[in-house]
Number of protein chains: 4
Amino acid sequence: HSPLALIGGPCVIESEDFTLKMADEIKQVCDRLSIPFIFKSSFDKANRTSITSFRGQAIEDGLEILQKVKDKIGVPVLTDIHESSQAAIAAEVVDILQIPAFLCRQTDLLMAAAETGRTVNVKKGQFLAPWDMKNVVRKLETSGARNILLTERGTSFGYNALVVDFRALPQMREFGYPIVFDATHSVQMPGGQGDKSGGQRHFVPYLAKAAAAVGIDALFMEVHEDPDNAPSDGPNMIPLAQLEAVLKPILRVRDSLAGSD
Amino acid sequence: HSPLALIGGPCVIESEDFTLKMADEIKQVCDRLSIPFIFKSSFDKANRTSITSFRGQAIEDGLEILQKVKDKIGVPVLTDIHESSQAAIAAEVVDILQIPAFLCRQTDLLMAAAETGRTVNVKKGQFLAPWDMKNVVRKLETSGARNILLTERGTSFGYNALVVDFRALPQMREFGYPIVFDATHSVQMPGGQGDKSGGQRHFVPYLAKAAAAVGIDALFMEVHEDPDNAPSDGPNMIPLAQLEAVLKPILRVRDSLAGSD
Amino acid sequence: HSPLALIGGPCVIESEDFTLKMADEIKQVCDRLSIPFIFKSSFDKANRTSITSFRGQAIEDGLEILQKVKDKIGVPVLTDIHESSQAAIAAEVVDILQIPAFLCRQTDLLMAAAETGRTVNVKKGQFLAPWDMKNVVRKLETSGARNILLTERGTSFGYNALVVDFRALPQMREFGYPIVFDATHSVQMPGGQGDKSGGQRHFVPYLAKAAAAVGIDALFMEVHEDPDNAPSDGPNMIPLAQLEAVLKPILRVRDSLAGSD
Amino acid sequence: HSPLALIGGPCVIESEDFTLKMADEIKQVCDRLSIPFIFKSSFDKANRTSITSFRGQAIEDGLEILQKVKDKIGVPVLTDIHESSQAAIAAEVVDILQIPAFLCRQTDLLMAAAETGRTVNVKKGQFLAPWDMKNVVRKLETSGARNILLTERGTSFGYNALVVDFRALPQMREFGYPIVFDATHSVQMPGGQGDKSGGQRHFVPYLAKAAAAVGIDALFMEVHEDPDNAPSDGPNMIPLAQLEAVLKPILRVRDSLAGSD
């Protein structure tokens, strides 16, 4: 019964100081709870709803900051890539390359990620059935990937809405790789505020506890010191000050099932 | 922190002997686990997929059997009604009148159930949003209902499929009444076998644990000695022999959250 | 190539004078366009969103008004029933008994309607696949129904929303009965205004033209002199003054396909 | 009342001879029907379900064949791009750059396409509401695009299924650009055959007639001499031999509405 890992951090790399501070603070929470921590932040938000939204840093600047997180805070880092040429560049720094949900069927991007030898985390597209992810897994395996993570982050449900089908967790687990539940994007309301996405932050603890009860290996949550003023994904990120209180019952649920199933 | 109640039993009343035996066996499981038990069985399956499906007993015969369950096994009983004229008749015997999901907006049926003074359990329609249930609650309250239960049993998701949106549980709880999760109908595949509904029994434990983690007051599960040969809902009912093993981790999840939230 | 029939009228029977006036006015439009007209109005709205919504007349009063529509305006009439005991009573007056979408799987109601010998129009449930309607058809046929109509009125699509899948029209036509498209309920937004349903009246002409292009036998549209002040379904009913202009292009589409297919 | 344009061709560029032959044959059909024709074929299928699926040609080889279609057959050509670096390369040959549905929110890809000065056709993502496309339009306009096409190709509806919401056509038209209906991808069943997508070719004529009735500027249909043996999208492509018979009633529907609306 391995401990639940947390993949977390602010949605997008804002400044070096802020990024290091967030990584340090979240690490302290995880240390107190004795759970592994992987820092997540995006150098570029390549698919923002609106063209005037903040996008982040140039890839070089973003990776430099992530390298400092590794060096100074001592935690592995994850970031997402959007075009196949970014895979090798990002792989020089990050421990886990993430494929965004919209791009989970782009064969070149998957192949480029797999060929780096880094762990690849693929988010299940909002338009895909859980069982369709076996074709994504095969694309990665055929291209040499050894370490794969599969993430649930909600499925299209009418317009501007997602629903989490928790049957997806055991279904994707059958492909033989660790399963991640992205609790903050699962409560997103895509495009729900006209020129930006809305979110339902108050449902994050409920869905995260449900995921722990169903069975996951890692929990993905975007965390920010001040979500309401964050440049991206504010409506669904968890405030840093609440992180420990949110995580505790999730871990209690997980511990209650240790040894079963 | 009150214990989780089980509402359970075979989908439809088959014979008196079988019904009494099932009620007795399930009660023994619940006694061992120290949880309250309400026996559920339908006298009539009024909305079967096909006209040639087994429908059950006449209402008088069905109620007579349920009365014997109360007398001999000593547990409260629940059954569902389909037309408003059945409310007063069923209320003479049963402790909880249940309104089927397809009928949850039928004003006359809700009013008739409320006017009996019995507890009324309404299943959320597959076509309704959680927040729409507040209008159902108001119809019942206006008609004098004091004790109301609200049950989640899945929402339409494309054709021949349901999905459970676990956000519905805290959303419906805001109306001030106990919340039930129907774990066996939530894995139904309506019409999924052409002239009968299919089901995914193996997902019941996952969804029931998720519901316990999110927070419910009672768990609804159809249980049968031999589901594969049952006249109704076989593909999603839980075999009696597995009931205790299915319930234990669900109760562990619930206990792990005692005192929190 | 038979002409397209219109099934139309105000959602609910308000007063005798108003009902007769509406039937007369709509008949004049249909006469000018040389299309058959069946008057539709409900004596009782048994599944309104809220208990405080206007419900209509007692069944006897409603049927008396419908009889006058037949006698004075000279058109066949249609109404919907909600409990099986209403079938025989309504069948004394109405030419077509309609089964509401939420109730399309209630076996007793279907049987009672079939046994009257009247034509039965069943609306496909928002929770049903088109192919599931073959079980509904079988229930009616087994109970003696000879004349059956099947109506498309939209399918659940996320919360508080419907979508019309136009593949349903040819799919249901394969069962061998005339197909109706309900253009005004198809643009309903169920529960979309909190304690009542919203609607998107401006999309009615688009969807009705699409239905005519795909192939239907009758068009169902609720029509009202003053929808914005109507007691039910105002947001999706067509204003009487626009009816002729709405119908003309629909008929042009139908005529363009005469002889094909 | 401009004529309906056809955007058509085999899903993927197979060989030069086959591609030229198909373009020539489809042009002859369009000439007989007096409608404009834009040849469509993909040099690369970058998001096939399975990694072992046929992907097509290298971009240079594919573009060389498309240039020959322009030169020898005398029709404009359209192809789709998948990474931003392909935009300028493809724009040297093709008249219309197409952004695939999965990629419709990738800001860099949209910007790169817009900056070429070519017409850009964006397919609405299966995960997007029609009104969300206004943000896509703004990204293109801000990047200098003058000529934009917006294409409906179905919306996620449960798993492995799409539904066409015909309200999307007038809703997207409000953004001020021509509207295309993709009749063959709209009947796709994504991932519906395990390691490839299924399709429902027999519904194409119904949905295309519906689109013509609702109002479109161009019809997009993949056409192949022998769909059942095609390397991609066989289950939903229209056989060349049926193209003229499929188009005629669609044009009759369109003509019937000339001058209205």
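Note that the coordinates shown come from a computational prediction; the quantities given were computed from them, not determined experimentally. Throughout, a chain's letter reflects where its sequence line sits, starting with A, and its residues are numbered from 1.
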Please identify each residue that fulfils ring-ring contact (aromatic ring centres under 6.0 Å, His included) with D:Phe102, with sequence neighbours left out. A:Phe127

Chain C heavy atoms under 4.5 Å from D:Val164: which part of the residue, side chain, backbone, both or neither? backbone

Can you name the closest pair of heavy atoms from C:Arg167 and D:Val163 and give their distance? NH2-CA, 4.1 Å

So for atom NZ, which belongs to D:Lys134, do other residues, nucleotides or ligands contribute more than 12 heavy atoms lying within a distance under 6.0 Å? yes

Identify the residue among D:Phe166, D:Phe203, D:Tyr206 that makes a side chain to side chain contact (heavy atoms under 4.5 Å, CB included) with C:Phe166. D:Phe166

Value for OG (D:Ser256) from CD1 (C:Ile250), rounded to nearest 0.5 Å, stands at 11.5 Å

Rounded at 0.5 Å granularity, tell me how far CG in D:Leu207 sits from CG in C:Asp165. 7.5 Å

Please tabulate, for the side chains in residues 231-238 of chain D, all donor-acceptor contacts under 3.5 angstrom to protein atoms that are two or more places apart in sequence or on a different chain.
from     : atom 1 : to       : atom 2 : distance (Å)
D:Asp233 : OD1    : D:Gln188 : NE2    : 3.0
D:Asp233 : OD2    : D:His185 : NE2    : 2.9
D:Asn236 : ND2    : D:Thr184 : O      : 2.9

Which atoms form the tightest heavy-atom contact between C:Ala213 and D:Lys209, and what is the distance? CB-O, 3.4 Å

Please state whether the side chain, the backbone, both or neither of C:Leu251 comes within less than 4.5 Å of a heavy atom of chain D. neither

